[in-house]
Every structure is written in C-alpha cells, then in structure tokens.
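Down below is the structure, laid out as structure tokens.
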There are 2 protein chains.
Amino acid sequence: MRVAVDIVIFTIQSGSLRVLLVRRKIAPFEGKFALPGGFVHEDEGLEDAALRELEEETGVGDVYLEQLYSFGTPSRDPRGRVISVSYFALISPDRTLQAGSDAAEAQWQEMQKLPPLAFDHGAILEYALERLRNKLEYTTVGFQLLPEKFTLPDLQGVYEAILDKKLDKRNFRRKIAQLKILKPLKEFQQTGRRPAQLFRFVAGKFEKLKDKGILFPF
Amino acid sequence: MRVAVDIVIFTIQSGSLRVLLVRRKIAPFEGKFALPGGFVHEDEGLEDAALRELEEETGVGDVYLEQLYSFGTPSRDPRGRVISVSYFALISPDRTLQAGSDAAEAQWQEMQKLPPLAFDHGAILEYALERLRNKLEYTTVGFQLLPEKFTLPDLQGVYEAILDKKLDKRNFRRKIAQLKILKPLKEFQQTGRRPAQLFRFVAGKFEKLKDKGILFPF
DNA sequence: ACAAAAGTGTTCGATATACACCCATGT
DNA sequence: ACATGGGTGTATATCGAACACTTTTGT
C-alpha cells in the first residue's frame, strides 16, 4: 500500500483563480493533466512530502499549506493501491514566476476552463475550491494570495475571483476595516488611473477570527 | 508503509460527552488507552475500514461517520511507519449498549476525565472535539447523538455537553424552531416531574444549512 | 473635458443576546 | 404545599445587504 500526496496549488493571475496542473508523461492517463504530487518517502512526514513536491514544482517554499482530505478508494489508481493525502496551497502571484522549474509541463490553468483531470483529481480540486471558499469567510487565508504590499481593490479582486461573484465595494471595505489587520502605507500604486493606497497585512488583532477557528495547530 | 484508521466515537451518557477508548493489550503502550482502530485491508476503502472497525468495537453500523485528518509523522508509531487516517463518529446513547462486543476492554470515558492516551491519540481526540464543536453550530450533526424521539431539554443537553457551557433555554429553542427541522409528536416523556414533549428530526427544510456547507458529497 | 477606477455613509432587515415568570407534575 | 424542571416573549445590540455620488488621475 503506497501513500502519495497531491497538492492543489492556487494562485491569482490576471484577476482569475488558477491552479497548477502538470501534464502526465507516462501511463496511466498519459497526456492528461493532473495535480502535482508524488509518493511520500519512507522517513518523511506527510506535510514535509507536500512541501517537497510543492517546491519541486514551483521552486517556492514558505507558502500557506493545509491538509485537505485523504482519498483511498481501492480503484482510484489503476496501478495498484495508492492512498492520496491531498493538500491545498496558496501562493501569491509575485512568487509564481519560477513555476515549471521541475515539471516542464506545469501550467497555471484558469479554474473556469479546466480540462478533464487524471485519476480522481477532479473531485479533489472541487473539494479544495469549496474549502477555500469557506475559509475565505472566517479566516485571513485570502491574504496569502497577494504580495506583501497590495491595494484594497487588489484584495477585493481576490475575493471576487475565488467566490466568482461581484462584491459591494463599500461593504467589503467596511468588513476588512473592522478586522483591523491592515496597516496603511504611505505609498500608492501608480498603475491605472487614480492611484490606490497600498496596505500591508499585519496579523495583529484577529480576536474574532481566532476563536471562530483559525484552526489546527499542526 | 502501512495505513491505519483510528476512530473517535462520541456519544452522550448521563448528560456528559463520552468517547470510546480501548485498553491496549500489547506493546507498544501496553495497558494504555487508545482510540479504536486498525489497519486498512488491501482491497478496502478508507471509510469502509473505519466502518468495519467501528462495527467490530460497538456492534453498530449505520452511524454518522466523517473523515477527520490524516496523521503521518514518521515517529508516531514506534513499530514503524504508519499513516493514520482518523475519523469521527457519532452514535446515539440508545445504540451504545452493545459496546464492548469485540474489544472486551472498550469503555465509554468522560471527556472531562480522560486518561493519557497511546500514540498521538490525544491530539487526534482534541482535534475531533474542536471539529465537533464547530460543526454543531452550522450543521445538524447534534441530532446524531439522540434517539429517534427526544425532547427539547434532551437536545439542549447535547449542545451543552459538547460545548461545555450552559445555554439560554429560550434562545436555544427559538434557534431550533426557526430551522423547522423538528416534527412535534403527540407523545410526552413521562420521566421527571413535568412531562416534556417528544420530537422527531425531519431533515426536510435546511436551506440555510445546506448552502453553508453540510459538506462533502463522498 | 472626459473616461476610469478610487474612495466614502446611511438605512433596513435579520440575527444573536440578555433576561423572569407561569405551568404541570410527583411527592 | 412545595419542589422540580418544562415551557414561553420582549427589548437591545450587532451584523450583513442594498444602494449613489464625489474625487483623482491620465489622455
């Protein structure tokens, strides 16, 4: 019985939610897209294995990583019995440039236009998205998808891309404001028309979030 | 690499939350209490394995069962590499009588007075309790801990036992009422002083619960 | 001047919380 | 009659949802 980790790595690019997929070079499912992942080494923790695979695929460490679910239907891998412990990871777009360092065929695909996936990876991805949407509401995971400095429109864009719906600007900003987790900077982003103020995430005061369950001290 | 399932089985007895523990008869941790569980068979799904173990320990099938988390620190089992996929189960007190059918040493222990547990089972149990408390708020799992017919004080007792705090009777009853998931019966429980009305859980209308995430279609 | 996105408050309904008395039964 | 737990309603604070205009910049 072998144990593998499969990782759903989300990022935001061009205002849309994307996931890292690799094209399989060998059977089964040769040529199909799959989640990045691999077998857990004999003396390696599950999360360590996920971090290793993640770094191999994206070249990036130190990202938000959380265990998702374990899939173990006996028939899920035609080669034999493989238990997949799935993880989901979030990475900010300014750190995704290195992607493809290992698996030459790794691509950031839009969640809107997904190809059919190998194994049961479609179900894993679906569940990851549901979890991400839920956590967005009661935790601060959303900030993991932004660079260190960001604007409020950027932040709202992250929420809108994940939830796949428009949000009211004023309500959104009030909600963020009362969390008191943003430090306003004296810098402004000069990109579009009117410059937007930059902020930094400071995990200082998140009382209400903490007792609602920032979750899991592992 | 071996894969095991460990199951946190909760019930309510004498108004307090209890968990099923078995005393280990062999090393390692001989004589210590542990969560019921065992190795996954070669051609058996993870949930099937959990159900099998659960039925072996309690003699009961058809219970609420949900996957919790997978623990895989290499050193967690001194005998060698074992990945534990943990589950949590809820069982109503009128069905727990058969307990101990297999493991002669299986006991329902109060969550208040827990002995130290073998392996990392203490951490598993802690996480299971946290999850149960969270789910209590946005799902109807609480009803799984009651017999088919129950009174409102019974139901409130379940919530109080799990959350380990007193709740306001009137607020509690209003909250339950507006879910419209209880069918009042024409029977009354004759036990204490004044008879209490019996209800039956009917999953009919739980709109708000459903889109909040009754979760996981597997 | 105009186009485009940034920024800013108020109202209203729903939901959570705090709180005290009467009722039905068994002894 | 009294002790025990069952049963019921109101007032207040808090939170989420709807909704429109002014400001700053680049062209």
Nearest-Å distance, NZ (K169(A)) to P (dC21(D))?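 Those two atoms, NZ and P, are 14 Å apart.
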Between [options], spot the one nearest the side chain of [X], thanks.
{"X": "Q178(B)", "options": "dG26(C), dG9(D), dA16(C)", "value": "dA16(C)"}
{"X": "R174(B)", "options": "dT17(C), dA17(D), dT24(D)", "value": "dT17(C)"}
{"X": "R194(A)", "options": "dT8(D), dA17(D), dA5(C)", "value": "dA5(C)"}
{"X": "R193(A)", "options": "dT27(C), dT25(D), dG7(C)", "value": "dT25(D)"}

Residue mapping more 5' on DNA chain C - nearest nucleotide basis, N171(B) or D154(A):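 With D154(A) and N171(B) compared, the 5'-side residue is D154(A).
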Report which part of the nucleic acid K175(A) touches: base, sugar-phosphate, or nothing (heavy-atom distance under 4.0 Å, all strands).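 Nothing, no heavy atom under 4.0 Å.
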Under a 4.0 Å threshold between the charged nitrogen and the carboxylate oxygen, would E160(A) count as salt-bridged to K165(A)?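 Between E160(A) and K165(A) there is no salt bridge, as every charged N stays at least 4.0 Å from the carboxylate O atoms.
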Of D168(B) and P153(B), whose closest DNA chain D nucleotide lies nearer the 5' terminus?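 On the 5' side of the pair lies P153(B).
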With a 4.0 Å limit, can you tell me whether R173(A) has a side-chain N or O closer than that to the phosphate oxygens OP1/OP2 of dG7(C)?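 Yes, R173(A) has a side-chain N/O under 4.0 Å of OP1/OP2 on dG7(C).
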Would you check if the distance from the ring center of F71(A) to the ring center of Y69(A) is below 6.0 Å?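 Yes, the ring of F71(A) comes within the 6.0 Å limit of the ring of Y69(A), centre to centre.
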Between D6(B) and S84(B), do the side chains contain a donor N or O and an acceptor N or O under 3.5 Å apart?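 Short answer, yes.
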